[in-house]
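Note sheet for the following structure.
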Amino acid sequence: MKFEGIYTPVITPHHPDGRIDRDGFAAMIEYLIGAGVHGIINGGSTGEYYAQTMEERCAMAALAADVIAGRVPLIVGTVAIRLKDSIAMAEQAAKVGAAAILVGSPPYSVPTERENALNALAIDRAADLPIMLYNYPGRMGISMGEAFLDRVGRSRNVVAIKESSGDINRVHLLAREYPHIQMSCGMDDQALEFFAWGAQSWVCGGSNFLPAEHIALWRACVQQGDFTKGRRIMSALMPLMRVLEQGGKFIQCIKHGCEMNGFGAGPPRPPLRALNKDDKRQLEQVVRVLKRTVAQIEAEG
């Protein structure tokens, strides 16, 4: 499988009481496909998989597959503390016809490189689907190091890695030493650097509510090879990146951004809480300037 373009880790809309809003979820997917994103990820961090039961996770993967109906690739997240649960998600992904699975490290347990690799390969066997690895040591406690990559990289299914460490040296390592594993940007404020080093795809939560602006950066860098234009768009995006990452309010900001577009995103599940008025106002101001600036850059060609 070739990963190219913008892959959106879609949010999970909620009713005010915390129940999943299935109609809102379907509406979000329709919006994203209509906006031109290149793939949908269900069960990622932005979708609050960690706050869902296994029954909910399996149901949402099935719903996503039904709504997408093959129009764009569906990637199903399998991250869980228990291997049994990750295998269950991998099997569900295969059952619903997903194009690929997202495989991360099991949070909290802090396995060795070998243990983590064996964990990933067990998930691989359960699905026999293309795999995008998910390296996010900030959330999972460990990094997918070279010993891990050397072992899992032997599987024909391991085709890509979403690199979310924030360590630019990892970008260099992946590009130079593991060219057979497609590198996907998983650190939004480094998107330009990822593209400069050959990444063809970007998994970005902000594309839930600003798909056109994220696609514009990808198009400039990857399709057009115009890094002068890319730097201008990236510069316009940077204030958004700062707002999204400040104070651990990433998901809350993404959800409010969707609300700004008229979608009923609802509150995040506890322990997270919705943004306060000041945070909402700050995000709204940043988005207004961002949209205007990127539109001007695009109009200039």
(request) Check whether any side-chain N or O of Ser235 sits under 3.5 Å from a backbone N or O of Arg231 as a donor-acceptor pair, and report yes or no. (result) no

(message) Please verify the inter-ring angle class for Phe195 with Trp202; under 30° counts as parallel, over 60° as perpendicular, anything in between as tilted.
(response) perpendicular

(message) What I'd like to find out is whether the side chain of Cys221 reaches to under 4.5 Å of the side chain of Phe227, using heavy atoms alone.
(response) yes

(request) State, without any angle test, whether Glu163 and Ser165 hold a side-chain donor-acceptor pair at a distance under 3.5 Å. (result) yes

(message) I need the minimum non-hydrogen distance between Gly206 and His214, along with the two atoms involved.
(response) C-CE1, 3.4 Å

(message) Closer than 3.5 angstrom, by distance alone: can the side chain of Arg176 be matched with the main-chain N or O of Leu173 as a donor-acceptor pair?
(response) no

(message) Working note: Asp128 + Arg156, criterion salt bridge (charged side-chain N to carboxylate O under 4.0 Å, His left out); need CA distance, chi angles, decisive distance, verdict.
(response) CA-CA 9 Å; Asp128 194 23; Arg156 61 180 174 80; 2.8 Å; yes

(message) Checking the side chain of Gln252 only, and the main-chain atoms of Leu275 only, is there a donor and an acceptor separated by less than 3.5 Å?
(response) no

(request) May I ask you to test the Ser155-Ile131 pair for a side-chain heavy-atom distance under 4.5 Å? (result) no

(message) If I take atom CG from residue Asp85 and atom CZ from residue Arg57, how far apart are they, to the nearest 0.5 angstrom?
(response) 7.5 Å

(message) Does either side chain, that of Gln52 or that of Thr12, offer a donor lying less than 3.5 Å from an acceptor on the other one?
(response) yes

(request) Using the rule that two of Ile, Leu, Val, Met, Phe, Trp, Tyr join whenever any of their side-chain heavy atoms come within less than 4.5 Å, decide whether Leu121 and Val79 are in one cluster. (result) no

(request) Let me know which of Ser45, Ser164, Ser184 forms a side-chain hydrogen bond (donor to acceptor under 3.5 Å, both in side chains) with Tyr134. (result) Ser45

(request) Kindly indicate whether the side chain of Leu63, heavy atoms from C-beta on, has any atom under 4.5 Å from the side chain of Val67. (result) yes

(message) Quick one, Phe209 and Val287 - any side-chain contact, counting heavy atoms below 4.5 Å?
(response) yes

(message) For His256 and Glu284, which I'm curious about, is there any donor-acceptor pair between the side chains at under 3.5 Å?
(response) yes

(message) Is a donor from one side chain sitting under 3.5 angstrom from an acceptor on the other, for Tyr49 and Asn42?
(response) no

(message) Can you confirm whether Arg114 is buried at CZ, in the sense that more than 12 heavy atoms of other residues, nucleotides or ligands lie under 6.0 Å from that atom?
(response) no

(message) Side chains of Asn208 and Thr46, heavy atoms from C-beta outward: is any pair under 4.5 Å?
(response) yes

(message) I want to check something: taking the side chain as every heavy atom from C-beta on, are Lys229 and Glu300 in contact at a cut-off of under 4.5 Å?
(response) no

(message) When you measure from the side chain of Asp21 to the backbone of Asp23, do you find a donor-acceptor pair of N or O atoms at a distance under 3.5 Å?
(response) yes

(request) Kindly indicate whether the side chain of Ile101, heavy atoms from C-beta on, has any atom under 4.5 Å from the side chain of Ile123. (result) yes

(request) Tell me yes or no: between the side chains of Ser207 and Thr8, is some donor less than 3.5 Å from an acceptor? (result) yes

(message) So Ile20 and Glu56, do their side chains get closer than 4.5 Å, heavy atoms only?
(response) yes

(request) Using a cut-off of 6.0 Å, state whether more than 12 heavy atoms not belonging to Glu146 lie near its atom CD. (result) no

